[in-house]
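Below is one structure, written out as structure tokens; the observations come after it.
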Amino acid sequence: MCLGIPAQIKEIIDNDNQIAMVDLSGVSREVNIACVLDNTHQAQDLIDKWVLVHVGFALSVVDEEEAHKTLKILDEIGELSATMEDLEQGSR
Amino acid sequence: MKYVDEFRDPKQAKKILKEIDKLCSEIKLKEDRPIQIMEVCGGHTHSIFRYGLNQLLPKKLEFVHGPGCPVCVLPRSVVDNCIRIAEHDDVIFTTFGDAMRVPGSTNSLLDVKAEGGDIRMVYSPLDALTIAQKNPDKRVVFFGLGFETTMPSTALSIMQAKKQGVDNFYLFCNHITIIPTIKAVLDSPGMRIDGFLGPGHVSLIIGTQPYNFIADDYHKPLVAAGFEPLDILQSVWMILKQLKNGEAIIENQYSRLVHEKGNESALSPIQEVFELREFFEWRGLGSINHSGIKVNDKYRAFDAEVEFKLKEVTVTDPDVCQCGEVLKGVLKPWQCKVFGKECTPEKPLGALMVSTEGACSAQYSYGQNIDLINKKNNE
Amino acid sequence: MNKKYKGKKITMAHGSGGKASSDLITDIFVNTFNNEYLAIMEDQARFDMPTGRLALTTDSFVVSPLFFNGGNIGKLAITGTVNDLAMSGAKPLYLTCGLILEEGLPIETLDKIIKSMQKTAEEAGVKVVCGDTKVVEKGSADQIFINTAGVGVIAEGVEIHSSSACVGDKIIVNGYIGDHGATIMQSRAELAITADIDSDCQVLNHLVQKMLSVSDNIHSLRDATRGGVATVLNEIAADSKVCISVREDSLPIRVPTRGVCEILGLDPLYLANEGTLVCVVKAADADKVLEAMKKTKEGKNACIIGEVIDGPEGVVALNTLFGGNKIIDKLIGDQLPRIC
């Protein structure tokens with residue numbers, strides 16, 4: 001089965017049937033957005049948002065703030081020990 | 001590709017691997033064996049092999065490939081029933097790709113296709129519904145499988161069929177639930193898993209709260225993990241930190257998509273269309289209570305089991321199969337008596353040799369030669 | 001196309017050998033392929049061959065859909081045949097064209113395909129010198145199937161074999177990989193994806209001659225069609241009894257092709273190509289061959305993707321972005337739609 005992949009919502013195609021067009025690196029596909037619609041997200045609010053697409057359905061909206069937080073933590077992993085190593089090597 | 005490439009940075013990976021190495025040397029287990037982390041989900045197994053992550057780990061740390069490959073654990077009897085359905089002249093049988101090669105008692109869906117059966121690979125259950133709408137004189141059956149990740153899509157497709165009055169669309173439901181699966185692994189004798197990589201996309205649907213029992217009752221850490229290499233490495237690092245500190249809590253590495261309470265908009269179609277089965281048979285693991293779901297009364301008209309009068313039959317794997325022990329992390333693939341001999345990817349005996357996500361298939365295809373090449377590279 | 005065929009379809013009569021048959025052959029085939037050998041309309045084409053070793057190949061084309069971004073079944077038939085010959089270092093000369101037509105095929109469609117074949121033949125500098133046409137009942141074939149044979153001549157001293165790769169040789173591809181397979185995928189209506197990709201379908205014989213003009217040390221050449229670059233590398237590794245290592249960060253893959261692969265869970269190394277070759281060349285000549293390739297239309301994006309190393313025989317390994325190695329095995333099973 002295919003893995004889920006983040007793609008960007010470009011257009012709402014069919015409001016009744018909850019279908020949007022997503023784009024991923026120049027590849028377009030229709031996806032069903034029922035799982036990402038709720039009281040806080042109406043269809044039009046989703047334009048330009050990134051969603052996780054899996055078997056033709058958007059399953060969740062990417063939380064951009066959390067994504068940045070994760071990347072920041074990834075950056076920081078190893079920074080402390082790398083700095084310590086540099087200091088140790090510098091002092092030899 | 002956004003939200004993908006940043007999580008595939010090799011330089012970052014090297015840094016995290018260094019930290020993982022450090023942590024491993026600081027952790028002392030009670031037994032003299034490597035630290036074992038189980039990835040439950042087939043998507044993680046696929047990523048680990050795709051990026052060669054298992055080779056980059058320190059010797060003191062190993063991945064154990066769990067039973068989270070829904071194709072691998074399909075029992076022969078289910079495949080036999082697929083074939084029974086597909087053999088009707090007026091049926092178009094639709095399925096995801098990998099399921100077509102799984103052997104039943106005598107043959108696979110691919111064999112039936114070669115003999116003229118109308119079996120079609122689809123990317124989405126909605127594509128199967130479109131086929132039904134375009135072929136009103138046929139009965140179109142969708143083979144629904146997968147964990148909670150694929151349940152909302154199957155459910156929504158059935159709901160759409162009902163809304164649009166499509167009366168020739170059926171679901172052969174073989175979706176399975178993750179929690180009983182993990183519990184079966186935790187309860188099996190000889191289980192030696194120190195921590196779990198939680199299934200990222202299942203967690204997107206169900207949240208992380210359902211995993212609390214793993215920490216509370218079994219004192220094992222679980223980190224809900226994304227699928228890119230840095231997601232997996234960061235999650236491993238988080239588990240190791242917990243092990244070093246003697247902790248066992250549920251953490252969420254995949255926070256850009258996973259929320260503690262899950263996704264209500266995805267859970268509600270599941271509750272609308274499905275109900276739990278009392279028990280469900282798994283290839284290699286036997287029968288697990290409440291681990292499968294079926295179509296409920298409201299949507300019974302779409303249930304292929306009713307339409308085609310399918311019977312629940314148990315077809316056991318050959319005695320020589322040791323898939324169960326490998327799935328639970330008790331045995332390594334090459335320790336199975338028939339691995340690479342009677343059981344190979346071309347002629348698989350058991351579940352784990354069938355799918356490309358299966359532990360044995362991956363080990364067989366990649367295992368030996370990788371060691372030789374890595375050895376040459378290091379000379 | 002002759003006005004009389006407008007709106008008309010192929011019928012069983014067009015394959016019966018009678019007037020409808022011979023009119024179709026003259027109006028559509030002989031008229032379009034337009035060469036002295038075909039015009040004679042004997043049961044066989046007769047021609048002289050230059051001296052040298054002969055190379056002969058045959059291929060069948062059953063692609064669906066018939067028309068896709070960057071090509072069609074006709075163009076594919078010529079490029080596939082020409083490229084098979086070119087991979088031996090041969091100069092392709094003459095092709096045959098056998099057609100199996102499904103009753104009901106619009107004649108306009110057939111005409112478009114034949115015209116495309118002739119255009120591609122002209123690009124390659126080859127002639128279609130004989131052919132055959134059969135018509136089968138509706139349902140017995142998928143619109144049109146094409147079979148070709150092609151003959152060419154290998155100049156003296158040119159020895160290029162799948163079994164000649166040596167440790168130390170470099171592996172070069174002439175451009176982006178996987179575009180044809182990705183194009184076909186996105187042409188399949190049931191997968192419902194659209195992408196801005198074109199098939200790489202093109203003739204490679206001129207490129208190969210340019211490469212041969214700068215180096216006598218090209219050991220192997222293969223056309224990476226079905227099964228993709230991965231399959232060809234496996235074949236060379238097995239035939240030459242060597243180990244091949246390819247670097248993931250060297251693989252030239254277009255962004256939308258990568259997108260199609262990510263969405264559908266495919267590996268671009270296994271996607272079909274129809275204008276991409278894999279060249280195994282002695283290390284000392286690699287740079288000058290690469291330079292010569294980059295000066296051509298077909299090779300402007302050429303690059304070195306790996307080398308033949310000392311390792312387990314018959315094994316192809318991918319050195320991943322993360323420094324580990326992954327075996328690139330032969331494809332097991334085939335879940336791709338018909339692609340060539």
Side-chain angles (χ1 to χ4, degrees), chain A residues 1-37 43 46-64 67 70-71 73-79 81-82 85, chain C residues 65 68-70 175-200 228 248-249 251-272 301 318 320-323 326 331-337 339:
Chain A
M1 286 188 307
C2 317
L3 299 176
I5 193 88
Q8 194 176 28
I9 294 187
K10 287 300 188 188
E11 203 191 324
I12 307 299
I13 306 262
D14 183 342
N15 254 306
D16 281 339
N17 290 311
Q18 301 166 319
I19 307 281
M21 188 66 88
V22 298
D23 173 270
L24 160 73
S25 299
V27 183
S28 310
R29 202 197 192 270
E30 288 182 6
V31 298
N32 182 299
I33 51 172
C35 297
V36 293
L37 292 170
L46 292 170
I47 307 270
D48 287 341
K49 285 261 187 297
W50 286 79
V51 289
L52 185 87
V53 174
H54 184 88
V55 303
F57 286 78
L59 291 186
S60 186
V61 179
V62 177
D63 185 329
E64 310 203 15
T70 307
L71 287 170
I73 296 175
L74 283 167
D75 250 338
E76 286 164 5
I77 295 176
E79 279 311 321
S81 13
E85 262 175 37
Chain C
F68 43 85
N69 291 348
Y176 292 102
I177 66 172
D179 286 357
H180 180 77
T183 302
I184 296 299
M185 280 297 166
Q186 69 92 38
S187 306
R188 301 288 292 195
E190 64 267 25
L191 292 173
I193 51 173
T194 35
D196 191 17
I197 318 170
D198 285 343
S199 166
D200 63 334
E248 189 170 18
D249 60 8
L251 295 175
I253 302 169
R254 277 187 219 279
V255 167
T257 298
R258 207 181 146 209
V260 168
C261 289
E262 292 284 350
I263 277 195
L264 296 177
L266 303 170
D267 186 338
L269 276 171
Y270 291 97
L271 283 184
N301 295 308
L318 181 76
T320 72
L321 295 174
F322 301 91
K326 183 177 110 167
L331 202 58
I332 295 182
D334 178 31
Q335 284 165 352
L336 299 174
I339 41 151

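Just so we're on the same page: letters track the sequence lines, and every chain starts at 1.
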Partners passing salt bridge (Lys or Arg N to Asp or Glu O under 4.0 Å) against D249(C) (at least two apart in sequence or in another chain): R247(C)
Option in G56(A), G26(A), S28(A) with maximal non-hydrogen atom pairs under 4.5 Å from chain C: S28(A)
For S60(A), all residues meeting side chain to side chain donor-acceptor pair (under 3.5 Å), sequence neighbours excluded: none
Residue list, side chain to side chain contact (heavy atoms under 4.5 Å, CB included) with D63(A), at least two apart or on another chain: E65(A), E66(A), H259(B)
Contacts of residues 8-18 of chain A with chain C (heavy atom under 4.5 Å): none
Are the side chains of [X] and [Y] in touch, meaning some heavy atoms are under 4.5 Å apart?
| X | Y | answer |
| --- | --- | --- |
| T183(C) | S187(C) | yes |
| M185(C) | L264(C) | yes |
| I263(C) | L24(A) | yes |

